[in-house]
Q: 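This is the structure I want to talk about, given as structure tokens.
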There are 2 protein chains.
Amino acid sequence: MPSSVQSVADRAGVSVSTVSRALRGVPGIAESTRKRVQEAAEELGYVASLSASRLATGRTHTVAVVVPLLSKWFFAEVIAAAGRVLSRAGYDVLLTELSTPELRNAFFAAPRLQGRSDGALVLALQLTAEELAALEAQGQAVALVGSERAGASSVCVEDRAGGRAATRHLINLGHERIAFLGIQEAPGSTLGGVPPAERLLGYRDALADAGISPDPGLEFGVGNTVDAGSAAMATALTMAEPPTAVVAASDELAFGALATLRGAGLQVPGDFSVVGYDNHELAGSVGLTTMDHGVAEQGRLAAEALIATLDGAPAAVERLQPNLVVRGSTAPPRRLRAVSP
Amino acid sequence: MPSSVQSVADRAGVSVSTVSRALRGVPGIAESTRKRVQEAAEELGYVASLSASRLATGRTHTVAVVVPLLSKWFFAEVIAAAGRVLSRAGYDVLLTELSTPELRNAFFAAPRLQGRSDGALVLALQLTAEELAALEAQGQAVALVGSERAGASSVCVEDRAGGRAATRHLINLGHERIAFLGIQEAPGSTLGGVPPAERLLGYRDALADAGISPDPGLEFGVGNTVDAGSAAMATALTMAEPPTAVVAASDELAFGALATLRGAGLQVPGDFSVVGYDNHELAGSVGLTTMDHGVAEQGRLAAEALIATLDGAPAAVERLQPNLVVRGSTAPPRRLRAVSP
DNA sequence: CCGAAGATTGCAAGCGCTTGCGAAAGATGA
DNA sequence: TCATCTTTCGCAAGCGCTTGCAATCTTCGG
């Protein structure tokens, strides 16, 4: 059993309160005393009891990270980045995965964070007002990633501009029939682990800018998985007048699309162009042109924002600009290059 | 500020000790009393203070998950699976990423888990005896994934058999010049977030079984990244007598290899076969033949083992058998199919 | 040399919950 | 009806640390 303040106090010949103050660097303790206490503590291998100091102070120095789906690269990356800044700042990271609507509801129905953490970093979940209120009622400072709520700090991406840029890239290359692979929650899912339709809106913006009339048949809304992307792409290929390019709302969807295209014997980018969204770890290796939106940076910034909030700063929102990363999956449509046979 | 036991006690007209016992279901409380207390608690929205009960009991009901690199799919998947069983069992999950040797050393040098968690789930890190002892000295029950240590529970994979199976698959298809892309830590890295060379040994076993003399030039040891796999594959293609197939020690390496092959204009599996190891989330979409070793199951089993240990069960080790998943990246070498031109 | 301001340290009252032990009350058996 | 068990509860002593406030000791200006 670990030694207590008392034992250190005895050894250093001071009172427990002095030990407490000395070890925490509270001013008002003579430097000589402090040193003596520290030595005594060291010799005893003393480590202050967390539970005890938490009870006494009411602060846990812990931050809960709430995420819809841990195994998605995006979330893991954000958490990793956030975790680094949090732990450097002395906060523990409590992980909570809300992978089903049931878990989500249960989580918000009970004060599950009360006394467990000082703040919550909420990824992607589009919190309802009640959910946000529930967190605050539990005394949590909260910072959001990928959504925006009055009163809470957040970092989010200009997804509409991103969708627009991705689409414009294809338009600039000469494409006119451009499909959109969007992310759509399964109906009934309260997960909401998905950025809203901003990217789709950006896609429409770009078409409008270019005077291309939108074709609802080219807009696909599917689950955010490789397979779904694959299937949607297959459907697109069966159209009477198929697209020559696609912008996917995530790299995973794009991976699926690429797989289908390859399977169909189509060359990318020769016969078909695709641009993704995320700049996924593996996007480079498959040569996917994609929108980079600083995934790790989102985590870092959000963690910093949360820490600032915990230190009493007012809520602030940070907006990131996504950037196009051109790789090998986009090129002018074949039609144009075939002009001079 | 949340209400305390005292307020519930007052409201229910009983003593605090009765409230405590009633709410926790401790036997020795009349059912009627218990009900009354529960109602009072409910009406007050009472939630027991975690810190207080932790201080009083000494148990934290928290498990630390220690992982080398969160953003790797493998680890995220294991954590997700483990996290589900842990939280269902009432444990909180504390996340600790040890992504650099410095962080690792610092982590084990100080009793960083003391009072923070009841147990630790350690992924991939090949703990030294001292490190394991350090954890136990902090009162942690420990369970390992991907390594084995006397005295600790663990779940690991029969990697040697896996490497052998993967290689044999290629041999059975008729390949004879088979390269191996192995994972090798950067020198000086104490990370150890890598399974030992078991897979390589299995590869050699298979060659020996088939009477194929091993060529050290075909064994590559690189970092576990897509790019490294890509580079190693490129090197392999420059050999005087290049291989016709490769078994990669991870799917990420395999992805890299595939990228290089595609870039070189080689058909997979027509001109070259590749088998990976992991059954990565994206392996299916690129049609990669690979060894599945139940990643999520490893997490689940490890979590269960840890919980069992916390409940007083003796340490146990679970061994998983990897299975070959045949997809489209393997086929007989061209030489054989070109027999009848 | 003296009183006061300033620097250090100790006292003791929490923080909110758990638990061993004894008391009170109801049940049982002769 | 009385002694003996049981069943239910309350008392009070922690768990180990923090912190407001008072006590003690120095240091200084006059």
Side-chain angles (χ1 to χ4, degrees), chain A residues 1-41 44-62 90 92 111 113-118 138-139, chain B residues 1-38 40-41 44-62 90 92 111 113-116 118 138-139:
Chain A
M1 59 201 64
S3 48
S4 67
V5 249
Q6 188 59 63
S7 60
V8 180
D10 291 347
R11 179 163 194 125
V14 297
S15 71
V16 289
S17 49
T18 299
V19 172
S20 173
R21 289 190 258 255
L23 259 26
R24 279 177 307 141
V26 174
I29 295 292
E31 203 42 54
S32 58
T33 313
R34 188 184 307 275
K35 192 147 294 177
R36 192 149 38 88
V37 170
Q38 279 171 337
E39 279 166 10
L44 291 169
Y46 169 74
V47 181
S49 154
L50 268 203
S51 326
S53 61
R54 284 177 180 174
L55 174 57
T57 64
R59 289 205 52 170
T60 64
H61 285 285
T62 297
D92 285 344
L113 254 31
Q114 186 151 307
R116 242 169 263 263
S117 55
D118 299 334
Q138 293 172 46
Chain B
M1 60 201 63
S3 49
S4 67
V5 249
Q6 186 61 62
S7 60
V8 179
D10 292 348
R11 180 164 194 124
V14 296
S15 71
V16 288
S17 48
T18 298
V19 172
S20 174
R21 289 191 256 255
L23 259 26
R24 279 175 308 140
V26 174
I29 295 292
E31 203 43 53
S32 58
T33 314
R34 188 184 306 276
K35 193 147 292 175
R36 190 148 40 87
V37 170
Q38 279 172 336
L44 291 169
Y46 169 74
V47 181
S49 154
L50 267 205
S51 326
S53 63
R54 284 177 180 175
L55 174 57
T57 63
R59 289 206 52 170
T60 64
H61 285 284
T62 297
D92 285 344
L113 255 31
Q114 186 152 308
R116 242 169 263 263
D118 298 335
Q138 293 173 48

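Just so we're on the same page: letters track the sequence lines, and every chain starts at 1.
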Q: Looking only at the side chains, is there a donor atom on one of A:S53 and A:R24 sitting less than 3.5 Å from an acceptor on the other?
A: no
Q: Looking at side-chain heavy atoms only, is the closest gap between A:V47 and B:Q138 below 4.5 Å?
A: no
Q: With heavy atoms of chain B within less than 4.0 Å as the criterion, where does contact along DNA chain D begin and end?
A: D:dT8 to D:dG16
Q: If you measure from the Lys or Arg side-chain nitrogens to the Asp or Glu carboxylate oxygens, is any gap between A:R34 and A:E31 under 4.0 Å?
A: yes
Q: Show the nearest heavy-atom pair for residues A:A40 and A:R11, with the distance to one decimal.
A: CB-CG, 3.8 Å
Q: Between A:S117 and A:T62 (side chain of the first, backbone of the second, donor and acceptor by atom type, cut-off under 3.5 Å), is there such a pair?
A: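 Absent.
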Q: With a non-hydrogen cut-off below 4.0 angstrom, is B:I29 in contact with a base, only sugar-phosphate, or nothing?
A: sugar-phosphate
Q: Which is more 5' along DNA chain D, the nucleotide nearest B:T57 or the one nearest B:R34? Just name the residue.
A: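 Closest to the 5' end, via its nearest nucleotide, is B:R34.
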Q: For a quick check of understanding: with a heavy-atom distance under 4.0 Å over all strands, which category does B:V14 fall into, base, sugar-phosphate or nothing?
A: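 Answer is sugar-phosphate: B:V14 comes under 4.0 Å of backbone atoms only.
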Q: May I ask you to list the residues of residues 16-24 of chain B, by number, that have any heavy atom positioned under 4.0 Å from an atom of DNA chain C?
A: B:S17, B:S20, B:R21, B:R24
Q: Write down the atom of A:Q6, the atom of A:V16, and the distance for their closest heavy-atom approach.
A: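 Taking every non-hydrogen atom into account, OE1-CG1, 3.4 Å.
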Q: So, for A:T60 and A:G115, which heavy atoms are closest and what is the spacing to 0.1 Å?
A: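 For A:T60 and A:G115, the tightest heavy-atom pair comes out as CG2-O, 3.4 Å.
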Q: What's the shortest heavy-atom distance between B:R54 and B:D92, and which atoms?
A: NH2-OD2, 3.6 Å
Q: If you assign B:L55 and B:G13 each to the DNA chain D nucleotide with the nearest heavy atom, which residue ends up on the more 5' nucleotide?
A: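 Its nearest nucleotide lies further toward 5', so the answer is B:G13.
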Q: Could you check whether A:T33 gets within reach of a base, just the sugar-phosphate, or nothing at all, counting any heavy atom under 4.0 Å?
A: sugar-phosphate
